[in-house]
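Letters A, B, ... are given to chains in the order of the sequence lines, protein chains preceding strands, and every chain is numbered from 1. On a predicted model such as this, the values are computed, not experimentally measured, just so you know.
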Number of protein chains: 2
Amino acid sequence: MQAQESSALVTGKPATGPGSRGRYPKGVLRRQEILDRTIEVFAELGFESTSLRAIGEAIGVSHAALRRYFETREELFLEVLREKDRQALAAARADGTPHGIDFARHLDSFASQTPGLMALRHSMIARALEPGNETSQAFFVERYESLRSGAREILLLAREAGVLRPDIPIDAAAALVIATMDGLSTQWLLDRRVDMHEGMILFESLLQPPRPE
Amino acid sequence: MQAQESSALVTGKPATGPGSRGRYPKGVLRRQEILDRTIEVFAELGFESTSLRAIGEAIGVSHAALRRYFETREELFLEVLREKDRQALAAARADGTPHGIDFARHLDSFASQTPGLMALRHSMIARALEPGNETSQAFFVERYESLRSGAREILLLAREAGVLRPDIPIDAAAALVIATMDGLSTQWLLDRRVDMHEGMILFESLLQPPRPE
DNA sequence: GTCTATACAGGGATAGAC
DNA sequence: GTCTATCCCTGTATAGAC
């Protein structure tokens with residue numbers, strides 16, 4: 001998929017377009033600064049008002065400069081999400097292998113990301129659902145496949161450990177796990193009185209085998 | 001909540017602004033025409049490209065004319081969703097009382113609505129999650145409360161009928177039901193290979209009491 | 001390589017003519 | 001009730017400074 005920052009530094013390809021920036025120190029820093037400020041501006045202003053001009057202003061640069069690093073506004077937003085996914089993946093790996101079913105904890109760590117990030121993701125998914133946004137659609141199709149795949153692994157481990165009802169089909173359950181987290185967080189984002197943690201705990205308990213008593 | 005068409009007809013308030021149309025035959029028809037065309041144009045063009053000008057063109061009026069009926073583009077889209085909700089509610093009532101847990105069927109009937117409508121809803125929810133869209137936010141907060149309330153009723157009936165695991169907390173389960181339908185349909189909209197019906201059936205089975213064998 | 005200045009087409013909102 | 005004209009804003013594109 002997208003190249004690592006470090007490997008991009010070594011390829012030494014000639015600069016052929018905006019998408020291939022990031023090879024030289026100043027550009028790398030600038031690019032990162034844009035990504036960082038974008039999420040800040042978005043959290044404050046929302047999707048529509050987070051214009052390239054607004055982001056540029058927050059950095060002290062003209063809006064045209066942003067296009068040296070990102071081909072379109074859409075690409076810029078997608079790259080923000082890609083980077084956050086990379087960070088989350090790295091953090092999860094540092095955390096070691098999961099101990100049993102632990103979806104509620106996953107959901108909590110999502111929530112601890114700024115709500116702004118979750119709202120941005122929601123906005124981009126909405127765009128991906130509409131005609132004519134193939135880039136976004138491809139990103140999210142792949143992302144959800146990856147999320148389901150991760151859920152499958154966890155469920156398989158749980159089944160082996162005997163903490164999952166043995167009659168549950170893994171594939172359907174994996175989609176269900178992701179759906180539950182998505183849906184609960186949407187309700188929570190709209191109305192903080194909704195207890196998404198309780199919902200997730202209930203869902204986990206439904207997956208567990210009946211108590212042997 | 002929002003007034004019924006019929007009751008609006010009787011109030012007899014003077015027309016004080018764009019939001020209060022719908023009292024006189026021509027206005028009623030025009031208003032309905034706008035709502036109908038909007039969803040058609042949206043399904044074809046998506047959120048961003050469904051401009052007031054594009055909708056006006058589809059009807060044969062200028063974009064400015066639309067504002068006699070809807071204060072803003074946002075209000076127009078919200079009204080489309082309100083009307084679809086009203087229709088769905090009426091259809092559900094005509095269907096009679098639900099027989100036990102039947103969430104999978106509900107989900108299927110959602111899906112049979114045009115995917116364009118579901119995408120529009122997703123776009124509007126995304127906006128509601130961002131700062132400065134209080135109208136949309138209020139609408140969806142209320143809508144989800146209403147959805148959860150409906151789910152609670154069904155779950156209570158199911159518990160009485162003995163088809164629901166008796167240890168399941170109703171409130172948390174209601175949020176979970178809605179979350180599951182939302183989340184599964186999102187995955188399905190992105191990628192039709194996802195079997196949301198199977199997911200919903202699995203979820204229903206998790207709610208059922210253990211087979212007495 | 002990085003950035004500014006500038007132009008363009010299109011958007012929502014709005015005022016006032018008819 | 002509907003129009004046209006206008007306002008300011010947007011993403012995108014290009015030319016050229018340094």
Under 4.0 angstrom between B/Tyr69 side-chain N/O and D/dT2 OP1 or OP2
yes
Within residues 46-60 of chain A: residues closer than 4.0 Å to DNA chain C (heavy atoms):
A/Arg53
When rounded to whole Å, the CG to P distance for the pair A/Leu29 and C/dT2 reads 11 Å
How are the rings of A/Phe47 and A/Phe42 set to each other: parallel, tilted or perpendicular (split at 30° and 60°)?
perpendicular
Heavy-atom side-chain proximity of A/Glu75 to A/Arg82 below 4.5 angstrom:
yes
From CD of A/Gln32 across to P of C/dT2 the rounded distance in Å is 15 Å
With sequence neighbours excluded, what pairs up with A/Asp85 under the salt bridge (Lys or Arg N to Asp or Glu O under 4.0 Å) test?
A/Arg121, A/Arg143
For the pair B/Ser146 (side chain) and B/Glu142 (backbone), establish whether a donor and an acceptor sit closer than 3.5 Å, ignoring hydrogens and angles.
no
Shortest non-hydrogen separation from B/Ala43 to A/Pro131 and the atoms involved:
O-CG, 4.0 Å
Protein-nucleic acid N or O pairs under 3.5 Å, nucleotides 14-17 of chain C:
unit_1: C/dT14; atom_1: OP2; unit_2: B/Arg67; atom_2: NH2; d: 3.2

Give the rounded distance in Å between these two atoms: CG of A/Leu66 and P of C/dC3.
9 Å
Is there side-chain contact between A/Leu176 and B/Leu206, with at least one heavy-atom pair below 4.5 Å?
yes
Atom CZ of B/Arg31 and atom P of D/dG1 are separated, to the nearest Å, by 13 Å
Whether the side chain of A/Gln187 engages the backbone of A/Met196 through a donor-acceptor N/O pair (distance < 3.5 Å, no angle test) should be reported.
no
Which nucleotide, D/dT2, C/dT2, D/dG11, lies nearest any side-chain atom of A/Arg73?
D/dG11
For the pair made of CZ in A/Arg127 and P in D/dG11, what is the distance, rounded to whole Å?
10 Å
Hey, is B/Glu145 close enough to A/Arg193 for a salt bridge, meaning N to O under 4.0 Å?
yes
One pair to check against salt bridge (charged side-chain N to carboxylate O under 4.0 Å, His left out): A/Arg30 and A/Glu33. What are the steps and the verdict?
CA-CA 5 Å; A/Arg30 186 58 104 195; A/Glu33 188 181 11; 2.9 Å; yes
State whether B/Ser62 places a side-chain N or O below 4.0 Å from either non-bridging phosphate oxygen (OP1 or OP2) of D/dT2.
no
